[in-house]
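Just follow the structure's listing: the first ligand is 1, and inside any ligand the first atom is 1. In this chain, numbering begins with 1 at the start of the sequence shown.
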Amino acid sequence: MNPVPLPALIEPACALSLAEAGRLLREGRLVAFPTETVYGLGADATCDRAVAAIFEAKGRPSFNPLIVHVADAAEAEALVELDDRARLLTARFWPGPLTLVLPRRAGSPVSLLASAGLDTIAVRMPDHPVALDLIRAAGRPLAAPSANRSGAVSPTLALHVVDSLGARVALVLDGGPCRVGVESTVLDLSTATACLLRPGGIAAEEIEAALGSPLARAAIDPHAPKSPGMLESHYAPGLPVRLNATTAEQDEALLGFGDIVGTLTLSAAGDLQEAAANLFAMLRLLDGGPHRAIAVAPIPEHGLGLAINDRLRRAAAPRGQP
Ligand code: TXA
Ligand code: MG
């Protein structure tokens, strides 16, 4: 039998807890922290042992590459090779929910495990004062996936982290609810044509406008999925999820949007930003309720709707064998 995990230590982010968190990170321990998107499970990105602890704590079946968080663009220059496109995008969108996949710089101190042995590294500068203070307090870049067990709903409150990870994390810094609510947009700049790998907090349309050219995004085109069955189950609540519902069937909770009023409603005004910010917390609330399934109203497929629908399709994808 597995022992019941002890609760994690949770502290409001302040000068004292940030200094303690920085010390823990330098010792190779894990610290969860708020970003503008979701809470991250941070480790020293330059330390193999610390990065390995992330995979262990999340129960990740495979070594997916992690995002390396930096406090400014100059710090990124020491880790990866930025080209003109990358400089334009960092000037326009950093700090913010845009992750750039770039060629690893020769001599880059980032653990090979953090990039899963690839010759590229994903970097991002989060738009949250606690995250930036923590990176500076640690004095090194931080590898950080979302602070939840693998496959589960991402955390947008410190309490979600405690629920999901317990004492697998040394300290949770509480910075209140996450403003954006869905993870960063991941853009691959290691190829001639910039490629959208994951829709997220910065709309693809905004990036295309900044670059003045369309992004490659074939792999995630919702109108031409390779096979719905190939969608990896992720962001999955305990209950089954049914998409594009206009009404709830018997015993179903309805997650509404716009004119479709539900048990909970992502945004009555039909505002995609508000919906993104509410998405994971509302899925968690409905999951903990008395229903047998969660039905979700249709969400428009533009702007942040791309990221919301991506997460919802994965939440509704067939679950793997335990
Ligand atoms: O908003 C976010 O991005 C949050 C917060 C904590 O910053 N982090 C996050 O990390 O969502 P994670 O590990 O859940 O997602 C990392 C994504 C994955 O889709 C991964 O495949 C991709 O980034 N990725 C990381 N490194 C990559 C690389 N070198 N090449 C291609 N994709 C990469
Ligand atoms: Mg995640």
Colleague: Looking only at protein heavy atoms, which one is nearest to atom 6 (C) of ligand 1, and how far off is it?
Modeller: G40 CA, 3.6 Å
Colleague: For atom 5 (C) of ligand 1, grab the closest protein heavy atom and report residue, atom and distance to one decimal in Å.
Modeller: T37 OG1, 3.6 Å
Colleague: Looking at D84, I want to see if its CG is surrounded by more than 12 non-hydrogen atoms of other residues, nucleotides or ligands under 6.0 Å.
Modeller: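 Result for CG/D84: open.
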Colleague: Relative to ligand 1, is V101 under 4.0 angstrom through side chain, backbone, both or neither, heavy atoms considered?
Modeller: side chain
Colleague: Which one holds for E183 and ligand 1: side chain close, backbone close, both close, or neither close, with close meaning a heavy atom under 4.0 Å?
Modeller: both
Colleague: Please determine whether the number of non-hydrogen atoms from other residues, nucleotides or ligands lying under 6.0 Å from atom CD of E208 exceeds 12.
Modeller: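 Correct, the count exceeds 12.
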Colleague: Is it the case that the ring center of F33 lies less than 6.0 angstrom away from the ring center of Y39?
Modeller: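 No.
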Colleague: If you take the nearest heavy atom of each of P145, S184, S190, G42, which one is closest to atom 10 (O) of ligand 1?
Modeller: P145
Colleague: For L30 versus A43, what's the shortest heavy-atom pair and its separation?
Modeller: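 L30 and A43 have their closest heavy atoms at CD2-CB, 3.6 Å.
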Colleague: Salt bridge check, R136 against D133: does any charged N sit closer than 4.0 Å to a carboxylate O?
Modeller: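 Yes, D133 and R136 are salt-bridged.
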Colleague: Using 4.0 Å as the upper bound for N to carboxylate O, is an ion pair formed by R314 and D310?
Modeller: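 Between R314 and D310 there is a salt bridge, with a charged N closer than 4.0 Å to a carboxylate O.
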Colleague: Below 4.0 Å from any atom of ligand 1, is there a heavy atom belonging to A144?
Modeller: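 Contact check A144 vs ligand 1: positive.
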Colleague: Verify the distance test for S146 against the Mg ion (ligand 2): any N/O/S atom under 2.8 Å, yes or no.
Modeller: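 Yes, since at least one N, O or S atom of S146 sits under 2.8 Å from the Mg ion (ligand 2).
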Colleague: Give a yes/no verdict on whether any heavy atom in R60 is under 4.0 Å from an atom of ligand 1.
Modeller: yes
Colleague: How close do A147 and P155 get, counting heavy atoms only, and between which atoms?
Modeller: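 Scanning both residues completely, I find the closest heavy atoms to be O-CG, 3.4 Å.
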Colleague: Please determine whether any non-hydrogen atom of N64 lies less than 4.0 Å from an atom of ligand 1.
Modeller: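 No, N64 has no heavy atoms under 4.0 Å from ligand 1.
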Colleague: Suppose we measure from atom 29 (N) of ligand 1 to each protein heavy atom; which comes out shortest, and what is that distance?
Modeller: T120 OG1, 3.0 Å
Colleague: Please write down residue, atom name and distance for the protein heavy atom closest to atom 17 (C) of ligand 1.
Modeller: R198 NH1, 3.9 Å
Colleague: Looking at R87 and E77, is any side-chain nitrogen of the basic one under 4.0 Å from a carboxylate oxygen of the acidic one?
Modeller: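 Salt bridge flag = yes for R87 with E77.
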Colleague: Any idea which protein heavy atom is nearest atom 21 (O) of ligand 1, and the distance to it?
Modeller: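 Ranking protein heavy atoms by distance from atom 21 (O) of ligand 1, first comes P65 CG, 4.1 Å.
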Colleague: Sort out for me which residue in V68, L100, L112 forms a side chain to side chain contact (heavy atoms under 4.5 Å, CB included) with I121.
Modeller: V68
Colleague: Please check this pair: side chain of T35 against backbone of T37, looking for a donor-acceptor N/O pair closer than 3.5 Å.
Modeller: yes
Colleague: Can you tell me the protein heavy atom closest to atom 7 (O) of ligand 1 and the distance?
Modeller: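 Looking at atom 7 (O) of ligand 1, the protein heavy atom closest to it is H69 NE2, 2.6 Å.
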Colleague: Report, as yes or no, whether the 6.0 Å neighbourhood of atom CD on E206 holds more than 12 heavy atoms from other residues, nucleotides or ligands.
Modeller: yes
Colleague: Contact between ligand 1 and P97 is defined here as a heavy atom of the residue under 4.0 Å from a ligand atom; is it met?
Modeller: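 Under 4.0 Å: no for P97.
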Colleague: Under 4.0 Å from a heavy atom of L118: which atoms of ligand 1 are those, numbered in the order shown and with their elements?
Modeller: 28 (C), 29 (N), 30 (N)
Colleague: Under a 4.0 Å heavy-atom limit, does D188 contact ligand 1 with its side chain, its backbone, both, or neither?
Modeller: neither
Colleague: Tell me, which protein residue and heavy-atom name are nearest atom 32 (N) of ligand 1, and how many Å apart are they?
Modeller: L197 CD1, 3.7 Å
